[in-house]
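Have a look at the structure below before the remarks.
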Amino acid sequence: MNPKETNREKYERISQLIGEQRYGEALNELNKWEADHHQFPEGKILRSQLEEILRYQNLDIYANTNLFMDPWFDE
């Protein structure tokens, strides 16, 4: 980020990255911004949400089909 950017421009940049689904880059930009602004409670919430998105985005839902929990095996 350009050091002369205003807070609004930084918000818009992070927002644009999220809109383009570039979550890793948005998280990096947010971390840079939080390093400069320690009193930024919305950043903590946004960071946790981005981390959750990245965690589930990289999860292979077909790796475990959970067949052993089918109800017809309960006898």
Side-chain angles (χ1 to χ4, degrees):
M1 274 189 261
N2 186 356
K4 300 206 185 259
E5 273 185 322
T6 64
N7 287 340
R8 182 167 181 82
E9 290 170 342
K10 291 176 187 177
Y11 267 130
E12 289 175 0
R13 173 73 178 140
I14 292 170
S15 206
Q16 179 183 8
L17 289 171
I18 292 171
E20 294 172 358
Q21 296 184 358
R22 295 165 49 189
Y23 303 119
E25 292 177 40
L27 189 59
N28 289 338
E29 294 289 330
L30 184 62
N31 287 335
K32 288 178 193 175
W33 192 16
E34 281 185 322
D36 297 336
H37 302 85
H38 299 290
Q39 300 297 328
F40 183 50
E42 295 88 4
K44 293 178 184 176
I45 296 168
L46 181 58
R47 183 174 12 91
S48 68
Q49 291 174 345
L50 285 173
E51 288 171 350
E52 286 291 315
I53 289 171
L54 286 172
R55 185 174 63 140
Y56 285 112
Q57 190 177 36
N58 296 326
L59 184 66
D60 185 10
I61 62 170
Y62 300 107
N64 182 3
T65 58
N66 206 14
L67 291 175
F68 60 90
M69 297 295 287
D70 287 334
W72 51 83
F73 290 134
D74 294 338
E75 290 187 42

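Computed from a predicted structure; not experimentally measured. Counting from 1, the numbers follow the sequence of the chain as shown.
- For Glu51, there are no side-chain hydrogen bond (donor to acceptor under 3.5 Å, both in side chains) partners, not counting sequence neighbours.
- Glu29 CD to Ser15 OG: the interatomic distance, rounded to the nearest 0.5 Å, is 12.5 Å.
- Distance check: Ile18 CD1 to Leu30 CG gives 7.5 Å after rounding to the nearest 0.5 Å.
- How far CG of Leu50 is from CD1 of Ile45: 12.0 Å, rounded to the nearest 0.5 Å.
- Residues satisfying the side-chain hydrogen bond (donor to acceptor under 3.5 Å, both in side chains) test with Gln49, not counting sequence neighbours, are none.
- Atom-to-atom distance recorded for Lys10:NZ and Lys32:NZ is 11.0 Å, nearest 0.5 angstrom.
- Atom CD of residue Gln57 and atom CD of residue Gln21 lie 7.5 Å apart, to the nearest 0.5 angstrom.
- Between the side chains of Gln16 and Glu12, no donor-acceptor pair is found at a separation under 3.5 Å.
- A single hydrophobic cluster is not seen to contain both Leu17 and Leu46; linkage of ILVMFWY side chains at heavy-atom distances under 4.5 Å, directly or through other members, places them apart.
- Under a 4.0 Å N-O distance rule, the pair Glu9/Arg13 does not qualify as a salt bridge.
- Partners of Arg47 by salt bridge (Lys or Arg N to Asp or Glu O under 4.0 Å), not counting sequence neighbours, listed by chain and number: Glu34.
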